[in-house]
Amino acid sequence: MLKEESSPLIRADVAVAEAYASVGNVGVGFDILGHCVAGAGDRAEVRRIPEREVRIAAIHGVITDLPLAAVDNTAGAALLSMVRALDLPFGFELTLHKGIALGSGMGGSAASCVAAVVAANALLDEPLPREALYPFALDGEAVASGSRHGDNLGPMLLGGLVLATDKRLVRIPVPAAWHCALVHPHVVLETRRARAALAGHYALGEFVAQSANLALVLAGCYRGEAALVREGLSDVLVEPRRAPLIPGFADVKRAALDHGAFGASISGAGPSVFGWFEDRASADAASHDMRAAFAAAGHDSDILVAPIDGPAARVL
């Protein structure tokens, strides 16, 4: 259980926390499996105020055109949930610093939620364990996506690869050498549009195959066996329905596989694409060819290469 360190200096007035980008779904774990990726993140500066309300003072960074009304803002809604659930006699003022673009498939809305609740938690008289912050973050995430799913929130709160149900977070061990290459094309794909692409009929066999693949990936991570992960890291359920929304996806995925990826798929709702690799050198080499494939499809892109067992959100 991850606990917050107490600090009279931090809890006196203001706290700043950062939450890192994430790969949601990890292909085979739709809405329930994700891992964090260092290198990009959102920061939340939270000030404790005497009024029992949540105010958003400002939003800076790569995107600023977001609601300033707390109830309509993912981070604001998460803080409102915390104030109400804990029956706090005070409230919070929030300034957001966006480092993750929305509609990128990198957990941008989730990062704002998590950074906000982690910072606010440091201002409580008795800070809560990280798992206890999960329901508040879920309430915030629902504002952006219309559903309560924790595949991005869980790894941001705990770090690493996390299995996130509606009530529980379970951190999954991953060998330290395993790396992710995450390539983000300069294309916006809204989560609601990506979820709409999943409407329709699904065959029972697809669910069975996806369940088997998820089980292989989890077993491979626990045992540190790359062969099991390589056999299972294939999304037969969601990827085929969302791939047409991402220009150049097939070639980007092929570039990752050609460099020995365990598997490659869509990060979250897309359009970012990730690949898992046995070492950093392979991930680095693949990321450049993945970027070239996006360029061939007419889009520049950004690269993140980092350990799958990445860092949890932290108070700065």
Side-chain angles (χ1 to χ4, degrees), residues 20-31 33-40 62 100-111 151-152 155 161 178-191 193-195 197-198 210 213-214 217 229-230 232-308 310:
Y20 303 99
S22 63
V23 171
N25 301 333
V26 194
V28 293
F30 180 71
D31 276 2
L33 189 67
H35 70 88
C36 47
V37 182
V62 297
I100 304 172
L102 298 183
S104 64
M106 296 167 59
S109 60
D151 54 325
N152 296 113
L161 179 68
W178 292 4
H179 275 66
C180 172
L182 179 62
V183 183
H184 167 226
H186 297 173
V187 178
V188 174
L189 178 53
E190 294 183 355
T191 300
R193 180 185 172 209
R195 294 184 86 86
L198 303 182
Q210 191 83 336
N213 288 345
L214 174 60
V217 168
V229 176
R230 192 180 301 279
L233 192 50
S234 176
D235 178 7
V236 300
L237 198 64
V238 175
E239 180 187 301
R241 293 163 172 83
R242 284 182 168 170
L245 302 177
I246 302 173
F249 171 76
D251 290 336
V252 177
K253 179 177 179 177
R254 173 49 54 191
L257 296 176
D258 285 348
H259 282 276
F262 299 157
S265 191
I266 303 166
S267 176
S272 295
V273 177
F274 78 94
W276 273 18
F277 299 85
E278 204 158 359
D279 54 63
R280 184 177 187 107
S282 299
D284 277 327
S287 68
H288 296 291
D289 283 355
M290 293 166 71
R291 186 182 188 191
F294 269 128
H299 297 283
D300 195 10
S301 58
D302 302 314
I303 294 171
L304 286 178
V305 175
I308 296 168

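- A heavy-atom distance below 4.5 Å is not found between the side chains of F249 and R242.
- Residues G270 and I246 share a closest heavy-atom pair of CA-CD1, 4.3 Å.
- Checked against side-chain hydrogen bond (donor to acceptor under 3.5 Å, both in side chains), S109 has the following partners two or more places apart in sequence or in another chain: E141.
- Considering all non-hydrogen atoms of both residues, G105 and S267 come closest at O-OG, 2.6 Å.
- Residue pairs meeting the salt bridge (charged side-chain N to carboxylate O under 4.0 Å, His left out) criterion with at least one partner in residues 265-277, sequence neighbours excluded, do not occur; the list is empty.
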Distance-only criterion, 3.5 Å: show the donor-acceptor pairs between side-chain atoms of residues 182-190 and protein atoms not counting sequence neighbours.
residue, atom, partner, partner atom, Å
H186, NE2, D302, OD1, 3.3
H186, NE2, D302, OD2, 3.0

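- Partners of S272 by side-chain hydrogen bond (donor to acceptor under 3.5 Å, both in side chains), not counting sequence neighbours: none found.
- Under the rule for a salt bridge (charged side-chain N to carboxylate O under 4.0 Å, His left out), the partners of R241 that lie at least two apart in sequence or sit in another chain are E206.
- Among all heavy-atom pairs drawn from G107 and S22, the shortest one is CA-OG, 3.9 Å.
- The distance from atom CD1 of I266 to atom CZ of F30, rounded to the nearest 0.5 Å, is 11.0 Å.
- Nearest heavy-atom pair across P271 and G103 is CD-O, 3.2 Å.
- With sequence neighbours excluded, no residue forms a side-chain hydrogen bond (donor to acceptor under 3.5 Å, both in side chains) with N213.
- Applying the side-chain contact (heavy atoms from CB on, under 4.5 Å) rule to A111 yields the partners A19, D42, I100, M156; only residues at least two apart in sequence or on another chain are considered.
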Inset, instruction - In sequence, state the C-alpha distance, the side-chain angles, and the governing distance for V37 and V23, and then conclude on side-chain contact (heavy atoms from CB on, under 4.5 Å). - result: CA-CA 7 Å; V37 182; V23 171; 3.9 Å; yes
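- Partners of F262 according to the side-chain contact (heavy atoms from CB on, under 4.5 Å) rule, which considers only residues two or more places apart in sequence or in another chain, are W178, A226, V229, R230, L233, W276, E278.
- Taking the salt bridge (charged side-chain N to carboxylate O under 4.0 Å, His left out) definition, one finds that D284 meets it with R280, sequence neighbours left out.
- With sequence neighbours excluded, the residues forming a side-chain contact (heavy atoms from CB on, under 4.5 Å) with D279 are A281, S282, listed by chain and number.
- Among all heavy-atom pairs drawn from P307 and H179, the shortest one is N-CD2, 3.5 Å.
- Within the model, atoms NZ of K253 and CG of D235 stand 7.5 Å from one another, a figure rounded to the nearest 0.5 Å.
- In this structure, S265 and F274 have side chains that are in contact, with non-hydrogen atoms separated by less than 4.5 Å.
- Not counting sequence neighbours, the partners of D31 by the side-chain contact (heavy atoms from CB on, under 4.5 Å) test are N25, H149, D151, R195.
- Taking all atoms of both residues into account, the shortest heavy-atom contact from L102 to G108 is CD2-C, 3.8 Å.
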Which pairs would a plain distance check flag for residues 290-300, meaning a side-chain donor or acceptor within less than 3.5 Å of a matching protein atom at least two apart in sequence or in another chain?
residue, atom, partner, partner atom, Å
R291, NE, S301, O, 2.9
R291, NH2, D300, OD1, 3.0
R291, NH2, S301, O, 3.2

Inset, instruction - Start with the C-alpha gap between V26 and L161, add the side-chain angles, then the distance that decides, and say whether side-chain contact (heavy atoms from CB on, under 4.5 Å) holds. - result: CA-CA 9 Å; V26 194; L161 179 68; 4.2 Å; yes
